[in-house]
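These notes are about the structure you will find just below.
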Amino acid sequence: MSFSQALSGLSAQQQKLGAVGNNIANSQTVGFKSSSVQFADVYAESRIGLGVRTSTVLQNFSGGNIESTNRNMDLAISGEGFFRFQQPNGEVGYSRNGQLTMTADGRLVNAQGAQIMGYAADANGDVQAGGDVTPLTVDSEALAASATNELSVEVNLDSGEAGIDTAAAGYVFDPTDNTTYSFSTNATVYDSQGNARNLSMYFIKDDAAPNQWQVQGRLTGGPSDAEAYNFDLGTLAFDTNGRLVDGAPTAINDIDSTDAGFNVEGAGANEFGPIFTDLNIAVDFQGSTQFAEQSDPKSISQNGYSSGSLVGITIEDDGTVMRNYANEQSRAAGQVALASFRNPEGLKPEGNNLWTATGSSGQELVGAPGTGLRGLIEPSAVETSNVDMARELVDMIVAQRAYQANSQTISTQDELLQTIINL
């Protein structure tokens with residue numbers, strides 16, 4: 001009698017139960033991919049086989065569910081691809097688990113200390129996707145202040161407003177006297193030291209020139225000993241339809257501290273203290289109108305800002321890691337890269353939610369999320385294990401019955417052998 005077939009069956013079903021048990025044990029492991037055992041029959045030049053053997057353990061890389069975590073350092077991949085991690089020993093591993101933390105020195109790592117990799121950003125926050133893939137680090141330095149050099153002002157000036165005779169004897173524009181101007185509005189601008197300055201703009205409808213408005217400016221605020229500065233912003237000219245005249249040389253003007261008309265309030269020359277840096281702001285009034293509606297600013301925007309400390313990071317769906325500052329500015333620190341493989345089932349599981357490439361998997365294909373076969377990143381979310389508990393429990397029952405049947409084969413052959421011996 002031969003017991004080898006039954007013994008091989010017991011061994012095979014034991015491995016099957018091991019795979020099922022491992023799947024069930026990792027049903028709550030983020031990014032885990034289930035596996036299954038494939039069997040092959042064994043023959044040796046005989047019509048009756050010698051049993052069964054395990055031919056391979058196949059990994060299932062179908063996607064798990066995406067679940068929101070409300071934690072901005074958690075990442076999931078919607079689609080194909082793997083995060084690329086550099087392990088503490090320098091080796092590269094691949095994972096679907098994007099649960100990250102930031103170390104004191106700004107490294108983005110997983111629970112095992114492996115650092116996520118991607119494309120670094122330059123000093124201006126520009127990312128060159130497709131360059132060298134390096135471990136990502138978030139610089140904690142504060143963002144330096146930037147002076148305003150562009151100001152966009154879009155207003156409607158009431159066409160029904162009574163004009164002001166600026167040529168009348170004794171007329172002098174006075175920002176403190178609202179009878180000397182028709183309408184005013186304010187904007188905040190910044191000097192190169194990050195001081196916020198209040199820019200008041202006064203619009204004067206010229207009684208002698210229909211459809212034209214003179215614009216005066218006054219700069220105040222900043223350091224406690226800062227002076228107030230007055231300057232002329234030119235004249236806005238409108239056509240008969242109430243639209244700003246395109247190409248009019250006075251439609252766009254500059255606040256230029258080197259201009260002769262730019263002076264300290266109450267003085268006749270340019271005088272700057274040590275706390276005031278030079279200004280040169282291009283003021284754009286394009287889009288402004290002169291309609292029979294109440295004068296009102298429609299949109300005001302400028303490109304300056306004060307300095308700001310780093311208050312946190314966010315990660316966008318294209319993998320861009322954004323540094324967010326207290327001055328409400330943001331700059332990219334880098335972009336998370338994703339790797340894809342021709343045969344993901346050939347990857348070698350290393351534990352700790354990591355796989356490594358093999359000859360069977362093929363070489364990695366690295367790129368930005370959303371390119372090629374690579375999916376997008378889902379911020380503040382994780383990918384759950386793809387283990388189907390119902391299927392695993394059924395497979396466990398089937399494997400248990402097969403194990404019992406193989407055991408029964410051994411018992412039956414033992415009884416037959418005992419009968420022969422008794423003869």
Side-chain angles (χ1 to χ4, degrees), residues 1-65 80-83 85 87 91-97 112 339-364 383-417:
M1 295 293 177
S2 174
F3 294 91
S4 61
Q5 294 96 331
L7 289 172
S8 67
L10 290 175
S11 177
Q13 296 307 319
Q14 185 179 17
Q15 293 185 60
K16 172 68 174 179
L17 285 169
V20 170
N22 187 60
N23 291 340
I24 294 175
N26 284 282
S27 62
Q28 299 301 309
T29 301
V30 170
F32 178 79
K33 301 302 179 185
S34 62
S35 59
S36 59
V37 177
Q38 292 186 345
F39 302 130
D41 52 5
V42 179
Y43 281 83
E45 298 182 359
S46 63
R47 298 182 65 87
I48 299 177
L50 300 180
V52 65
R53 64 178 177 86
T54 301
S55 60
T56 187
V57 177
L58 191 63
Q59 300 177 94
N60 174 14
F61 281 96
S62 63
N65 295 325
E80 298 183 26
F82 297 83
F83 297 112
F85 283 92
Q87 301 179 69
E91 295 182 359
V92 173
Y94 307 92
S95 179
R96 296 279 296 191
N97 185 336
Q112 290 72 41
S340 60
F341 296 88
R342 286 183 61 90
N343 178 28
E345 294 175 351
L347 292 171
K348 180 184 177 183
E350 299 289 352
N352 289 326
N353 300 316
L354 287 177
W355 289 270
T356 55
T358 67
S360 177
S361 67
Q363 292 187 350
E364 64 175 8
E383 179 189 11
T384 64
S385 168
N386 68 351
V387 172
D388 184 339
M389 287 295 289
R391 178 181 294 275
E392 296 300 328
L393 291 173
V394 170
D395 287 348
M396 181 171 62
I397 293 172
V398 172
Q400 180 186 17
R401 291 290 182 257
Y403 191 94
Q404 290 172 339
N406 280 283
S407 299
Q408 188 62 39
T409 300
I410 294 176
S411 298
T412 302
Q413 291 195 65
D414 178 58
E415 291 177 6
L416 294 175
L417 182 60

Using the test side chain to side chain donor-acceptor pair (under 3.5 Å), find all partners of Gln59 that sit at least two apart in sequence or belong to another chain. Trp355
Only counting residues at least two apart or in another chain, list the ones meeting side-chain contact (heavy atoms from CB on, under 4.5 Å) with Val52. Ser8, Ala12, Phe39
Pairwise salt bridge (charged side-chain N to carboxylate O under 4.0 Å, His left out) hits with a residue in residues 24-35, at least two apart: Lys33-Glu383
Just jot down the ring-ring contact (aromatic ring centres under 6.0 Å, His included) partners of Tyr94, sequence neighbours excluded, or say none. Phe341
According to salt bridge (Lys or Arg N to Asp or Glu O under 4.0 Å), who are the partners of Glu364, at least two apart in sequence or on a separate chain? Arg84
Can you name the residues that form a side chain to side chain donor-acceptor pair (under 3.5 Å) with Thr54, not counting sequence neighbours? Gln15
Quick one: side-chain contact (heavy atoms from CB on, under 4.5 Å) partners of Asn22, sequence neighbours excluded? Asn26, Phe32
How would you list, by chain and number, every residue that makes a side chain to side chain donor-acceptor pair (under 3.5 Å) with Gln14, sequence neighbours excluded? none
Only pairs at least two apart or in different chains count here, so list each salt bridge (charged side-chain N to carboxylate O under 4.0 Å, His left out) that has a residue in residues 53-64. none
Residue set satisfying side-chain contact (heavy atoms from CB on, under 4.5 Å) with Ile410, at least two apart, ordered chain then number -> Phe3, Ala6, Leu7, Leu10
So, Ser34 side chain and Asn60 main chain: donor-acceptor pair closer than 3.5 Å or not? no
Counterpart residues, salt bridge (Lys or Arg N to Asp or Glu O under 4.0 Å), relative to Glu350 (two or more places apart): Lys348
side-chain contact (heavy atoms from CB on, under 4.5 Å) with Asn65: which residues, sequence neighbours excluded? Thr384
